[in-house]
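Remarks on the structure that follows.
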Amino acid sequence: MTANTLSTTNPTQRFSHQYGVIILVLLAFFMSAFISRTVFERLPHLEDEVAYLFQAKVFASGQLTVETPQPRRAFWQPFVVDYAATGQRFAKYTPGWPAVLAVGVLLGQAWVINAWLAGLNVALVYRIGREVFDPDTGLIAAALVAFSPMALLLNASLMGHTAALFFAMVFIYAYWRMERAKQPMRWALVAGVGLGMVLIMRPLTALGIALPFILWSLARLLHALFYQRAIFLPVLKPLLVLSMVALIIGLSIPIYSAATTGDPAKNLYTLIWEYDRIGFGECCGRSGHTLQRALNHMRWDLSWTASDLFGWQLQPWSAEQTQHVLARSDYMPAVGLSWILLPLGIIGGFLYARRRSHIGLAALWVGGIVLWVMIPYRLNVKFISDFAYIPYWWLWLGVGVLWIALPLIYSASSQQPHR
């Protein structure tokens with residue numbers, strides 16, 4: 001059900017959904033406040049939180065950096081840089097989340113920012129689910145966000161995940177409205193702000209979120225250029241506005257790097273660990289990064305996500321599992337079922353494809369994804385672990401990304417843009 005058909009929803013049902021969402025929003029806020037106070041004691045516990053809170057306090061004082069205190073080692077903090085070339089102290093992270101957290105610092109309650117955003121995330125998830133699908137879908141999705149153990153813990157911390165999720169959903173919702181608005185520039189501005197804020201908080205996350213939209217937008221533009229030239233400029237203009245706003249906000253990263261080190265292209269992460277950089281090869285990672293290690297790490301992360309995302313873990317934690325994690329760190333030893341919703345989505349996709357006589361293409365697409373992950377493991381171990389094959393690893397990743405995006409590209413190129 002889209003925004004245009006919501007008016008046909010039973011008014012009683014619509015109000016019941018709205019009351020349900022209000023309850024979930026309040027629950028997310030107060031659970032964040034409760035866990036922050038009782039579990040974390042309103043204190044940073046991770047190195048990342050220490051650095052974020054330090055930089056937020058610096059920003060709240062009206063400065064970008066502070067002079068390195070002396071004796072320097074007596075005031076050491078993890079992931080906080082004492083840059084000898086300038087004699088200044090600053091955090092290694094991009095400035096987006098510390099700038100938002102600085103508002104909480106000025107209020108005297110840093111924890112409250114994530115608590116507010118936790119409630120807004122629930123409301124936004126409902127809004128997106130309601131408009132793209134229907135109110136029931138929106139309410140279920142909002143409940144999953146509100147009760148997710150992973151979300152509850154992150155909402156109560158001083159980490160930037162909750163804020164990044166909020167601005168990512170602002171971008172997604174605004175892009176959805178931009179495509180359907182008669183005057184889309186306002187929504188293009190909002191989408192640009194959302195994407196730009198994610199960019200200066202978590203740059204790689206912003207890239208991952210934006211990539212499907214970029215491919216979708218390119219397909220729409222090519223379709224308009226070759227088949228409906230009259231609407232090419234109306235489609236292009238809001239996309240240009242969105243991109244310009246996001247890039248202007250993103251300029252705060254090189255500006256911050258220039259202000260702290262004098263080099264706008266400087267990767268501040270490498271000031272802590274020289275190997276903390278993106279890519280494959282001996283330059284990246286403690287002992288070099290390979291495609292095999294990337295796939296192994298993906299397995300590690302997904303196995304933990306299956307347990308932690310919604311807390312659907314079958315076995316209680318044991319000493320043997322602790323030993324397994326400490327000794328091997330290859331996968332989560334307890335069985336988690338948070339992935340159980342994925343097959344339902346795949347089944348729904350197949351049913352939709354069947355109605356449109358695309359069931360064979362859908363099966364080929366899913367099979368291609370499975371092969372893309374499995375072939376490096378089964379075909380040739382040397383291929384995925386030898387540093388001599390680095391260009392092929394990038395090619396393999398590029399092929400995979402394009403294959404996964406094929407349904408989006410096909411859908412965008414075969415439909416008329418909404419005007």
Side-chain angles (χ1 to χ4, degrees), residues 1-2 128-129 132-134 137 140-141 168 172 175-176 179 204-205 207-228 235 280 290-303 305-306 309 331 335-385 389-418:
M1 183 180 297
T2 66
I128 294 171
V132 177
F133 299 101
D134 55 63
T137 301
I140 293 170
I172 292 170
Y175 188 100
W176 168 266
E179 280 196 325
L204 287 181
T205 299
L207 177 62
I209 291 171
L211 186 58
F213 291 88
I214 292 171
L215 295 173
W216 171 272
S217 300
L218 288 175
R220 291 178 63 229
L221 286 170
L222 290 174
H223 184 268
L225 179 63
F226 290 106
Y227 298 103
Q228 294 176 298
V235 172
F280 292 107
T290 66
L291 184 58
Q292 184 177 29
R293 292 181 179 181
L295 292 168
N296 290 342
H297 199 77
M298 179 181 71
R299 180 190 182 196
W300 166 257
D301 282 345
L302 290 177
S303 67
T305 301
L309 183 59
Y331 64 90
V335 176
L337 295 179
S338 293
W339 54 268
I340 203 69
L341 298 177
L342 291 177
L344 299 178
I346 293 174
I347 292 170
F350 272 113
L351 293 175
Y352 176 77
R354 184 177 180 182
R355 287 200 302 269
R356 302 192 62 178
S357 302
H358 292 160
I359 189 68
L361 292 176
L364 177 64
W365 180 70
V366 173
I369 295 175
V370 174
L371 289 175
W372 179 69
V373 174
M374 295 303 299
I375 284 177
Y377 273 111
R378 302 299 181 185
L379 184 62
N380 187 344
V381 174
K382 184 178 180 181
F383 163 71
I384 63 174
S385 60
Y389 291 90
I390 292 176
Y392 297 98
W393 302 346
W394 285 110
L395 178 62
W396 188 261
L397 290 177
V399 169
V401 169
L402 286 175
W403 184 267
I404 292 171
L406 279 179
L408 287 175
I409 297 172
Y410 172 79
S411 179
S413 62
S414 60
Q415 296 181 15
Q416 295 183 2
H418 294 274

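A heavy-atom distance below 4.5 Å is found between the side chains of L295 and M298. L402 is not listed as a side-chain neighbour of V399, based on a closest heavy-atom distance of 4.5 Å or more. Annotation: side chain of F213 is in contact with side chain of I172 (closest heavy-atom distance under 4.5 Å).
L225 contributes atom CG, which lies 13.5 Å from atom CZ of R220 (distance to the nearest 0.5 angstrom). Atoms OH and CG, on Y331 and N296 in that order, are 13.0 Å from each other to the nearest 0.5 Å. Atom CG of L309 sits about 12.0 Å away from atom CG of L337, to the nearest 0.5 Å. Rounding to the nearest 0.5 angstrom, the gap separating the OH atom in Y392 from the CG atom in L397 is 15.0 Å. To the nearest 0.5 Å, the span separating CG on L364 from CD1 on I369 amounts to 10.5 Å. Interatomic distance, CG of D134 versus OG1 of T137, reported as 3.5 Å (0.5 Å rounding).
For F280 against W394, the heavy-atom pair with the smallest separation is CD1-CE2, 3.6 Å. Across all non-hydrogen atoms, the minimal contact from Y175 to S217 is OH-OG, 2.6 Å. Nearest heavy-atom pair, A405 versus L215, reported as atom, atom and distance to 0.1 Å: CB-CD1, 3.2 Å. Residues T305 and S338 approach most closely at O-CB, 3.6 Å, considering heavy atoms. Minimum interatomic distance between P407 and W403 (heavy atoms only, all atoms of both residues): CD-O, 4.0 Å.
Looking only at distances, a side-chain donor or acceptor of W396 sits under 3.5 Å from a matching main-chain atom of W372.
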